[in-house]
Every structure is written in structure tokens, then in C-alpha cells.
K.L.:
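Let me give you the structure first, and then I'll get to my questions.
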Amino acid sequence: MKVKRNNYSGYTEMYDEKLDPSVKSKGDLKESFYVGPSEDAKNSNLNQWPSEELLPSWRSTMESYYEKVLSAGKRLLSLVALALDLEEDFFEKVGAYPPMGFLRLLHYPGESTALNDEIYGASSHSDYGMITLLATDGIPGLQICQKKDSHPQVWEDVPHVKGAFIVNVGDMTERWTNCLFRSTLHRVIATGQERYSVAFFLDPKSDCVVECLKSCCSETSPPRFPPIRSGDYLEERYRLTYASLKI
Ligand SMILES: O=C(O)CCC(=O)C(=O)O
Ligand SMILES: [Fe+2]
């Protein structure tokens, strides 16, 4: 396909990714299309777009959705800051802005693969960034595990609420808050039903250093994660997602 993934933008085929590298499958069932920020630091556009003749207005629809969900995400981040007793514009002040938004259009094929338990629509993972705003078509499949350190893990279906986003806490928020806000462990099981969803990942600007908030650590509860540059952290997480595969 002409718009195949490049620099994390464009099309990824079925089995291109494995979100849980420990799963013994050839990859996750989903196929997806990524749309990143329209400009990088050097002002060059990294996005891949299908041709206007093939899909008229598709690009403008995506760009318009991107802007709207980004603005909703930023408002939500202000609420996260307030919930942590920080100033409303904390994430702006700490250098996370302008945040990097990644829109991901997902398609899960309808074929049943129930014979192989290890095949997931999306295998178990937590999202990497600050928060994710997820819209789904209401077809079941998405599950969360609330106590991710427990064994065996208990998975619960996420109910669909029409017109509402599902909001996942990401790993960088977990690092910032020293696990006060736990990132959401989730997966999509293969139900044999075709399913569509749209995820919007909100990540800090790449040179933002994510380190434990002063209010979230003490002598008895020291920082559990070392400070890390957001761009380096994301690079490593993406590398691991593709490392077990040959692409
Ligand atoms: O399709 C879904 O409901 C979840 C997708 C997801 O978790 C992801 O892309 O990170
Ligand atoms: Fe996810």
C-alpha cells in the first residue's frame, strides 16, 4: 500500500505489531492507520495521506477530528493536573506542550481465530503517553485488568457508553505520579466480530523530561522510575512493539 507506515504514520497491516511481546503469536490481528502531528519540529509533514481522488475529503475530515480531540484531550489534562493538586496549566509549564497527538484508526477483522488462544485483536498493553481518548463502535472485545500486578490477571469487559470516550491513563502519567495514577492495562480479544475504533494518544513533547512529581514521593515512598525524556521513552516502547516481528 502506498501509505504504508513510515515514522509511525500511515498504514500498518494485520500482524504488523505485537503490543505484548510475550505472546506467542505472529502478531496482533488489527490493522490500523496512524495520523501524527501535522508538522514536526523542522516543519516537515510526516503524515501519509491516501490520494484525494481515491478518498475525497478524507484528509480534511481526519485533520478536523484531530484538532477537536486534541483540544478535548488538553482540557482533560488540565483536570488531571487539578486532581493532583497542581496548577491547571502544569503540563504546559513542565514542558509537555505542545503535546504530540497520534490518531490511530483501527480495524479488527471479523474472522474467527478462536482456535488459537494466543491471537488477540490487540494483545495486553498499557498506552505509552499521558492519556488516550478512545472511541469505539460498541462491538465488544475491549477488556481491562484493574489489578495489573495480580496473578492470575482478571479481565473485565469495558461497557460501551454511546457518545462517550473511554479514557486510558498512560505510562508516562504513571511515571509522573509514581503510580498514584496507574496506567490502564487493556487488550482487545478476538470475538469473531468485525470491529472499528479510533484511539487518540496524547504524548508529551519529545524533549520533555518526565520525572516523579514532588508531591508523589517521600522518604518512605521514593521515586520508582528514573527521569526520562519523553521522546526516548516512546522510541524504546515502539522499538519493543516491533522488535519481536520481522518488519
Ligand atoms: O481498539 C481498541 O478498543 C483499543 C485499541 C488500543 O488499545 C490501542 O490501539 O492502543
Ligand atoms: Fe491501547
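We count ligands from 1, going down the list as the structure has it; atoms in each ligand are counted the same way. Quick caveat, the model's predicted, so the values are computed rather than measured.
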K.L.:
Kindly give the heavy-atom pair with the smallest separation between Ile131 and Gly73, and that separation in Å.
P.N.:
CD1-O, 3.7 Å
K.L.:
Check this for me: Glu236, atom CD, are more than 12 non-hydrogen atoms of other residues, nucleotides or ligands nearer than 6.0 Å?
P.N.:
yes
K.L.:
With a cut-off of 4.0 Å, which atoms of ligand 1 are near a heavy atom of Arg104?
P.N.:
8 (C), 9 (O), 10 (O)
K.L.:
Aromatic ring centroids of Tyr196 and Tyr108 under 6.0 Å?
P.N.:
no
K.L.:
Quick one, Val35 and Phe102 - any side-chain contact, counting heavy atoms below 4.5 Å?
P.N.:
no
K.L.:
If you check every N/O/S atom of Asp127, which is the one nearest the Fe ion (ligand 2)?
P.N.:
OD1
K.L.:
Does either side chain, that of Thr12 or that of Ser32, offer a donor lying less than 3.5 Å from an acceptor on the other one?
P.N.:
yes
K.L.:
Could you list the atoms of ligand 1 found under 4.0 angstrom from a heavy atom of Val188?
P.N.:
1 (O), 2 (C), 3 (O), 4 (C)
K.L.:
Heavy-atom distance under 4.5 Å between the side chains of Arg104 and Val198, does that happen here?
P.N.:
no
K.L.:
Quick check on contacts: which atoms of ligand 1 are under 4.0 angstrom from a heavy atom of Leu106?
P.N.:
1 (O), 5 (C), 9 (O)
K.L.:
Test of understanding: given a 4.0 Å heavy-atom threshold, classify the contact between Ser197 and ligand 1 as side chain, backbone, both, or neither.
P.N.:
side chain
K.L.:
At under 4.0 Å between heavy atoms, is it the side chain or the backbone of Thr132 that contacts ligand 1, or both, or neither?
P.N.:
neither
K.L.:
Is ligand 1 less than 4.0 angstrom away from at least one heavy atom of Arg187?
P.N.:
no
K.L.:
Please list, in number order, the atoms of ligand 1 under 4.0 Å from a heavy atom of Phe201.
P.N.:
8 (C), 9 (O), 10 (O)
K.L.:
What part of Leu134 sits under 4.0 Å from ligand 1 if we count only heavy atoms: the side chain, the backbone, both or neither?
P.N.:
side chain
K.L.:
Are Phe201 and Tyr128 close enough that some pair of their side-chain heavy atoms sits under 4.5 Å apart?
P.N.:
no
K.L.:
Does the separation of the ring centres of Tyr65 and Phe200 fall below 6.0 angstrom?
P.N.:
no
K.L.:
So which protein heavy atom does atom 7 (O) of ligand 1 come closest to, and at what separation?
P.N.:
His186 NE2, 2.9 Å
K.L.:
To 10°, measure the NE2(His186)-the Fe ion (ligand 2)-NE2(His125) angle for me.
P.N.:
90°
K.L.:
So which heavy atom in the protein is nearest atom 5 (C) of ligand 1, and how far is it from that ligand atom?
P.N.:
Tyr108 OH, 3.5 Å
K.L.:
Tell me if the centroids of the rings in Trp49 and Phe33 come within less than 6.0 Å of each other.
P.N.:
no
K.L.:
Could you find the nearest protein heavy atom to atom 10 (O) of ligand 1 and give me its residue, atom name and distance?
P.N.:
His125 NE2, 3.0 Å
K.L.:
Yes or no: does Arg195 have any heavy atom under 4.0 Å from an atom of ligand 1?
P.N.:
yes
K.L.:
With side chains defined as the heavy atoms from C-beta onward, is the minimum distance between Lys148 and Arg182 less than 4.5 Å?
P.N.:
yes
K.L.:
If you measure from each non-hydrogen atom of Lys30 to ligand 1, which part falls under 4.0 Å: side chain, backbone, both or neither?
P.N.:
neither
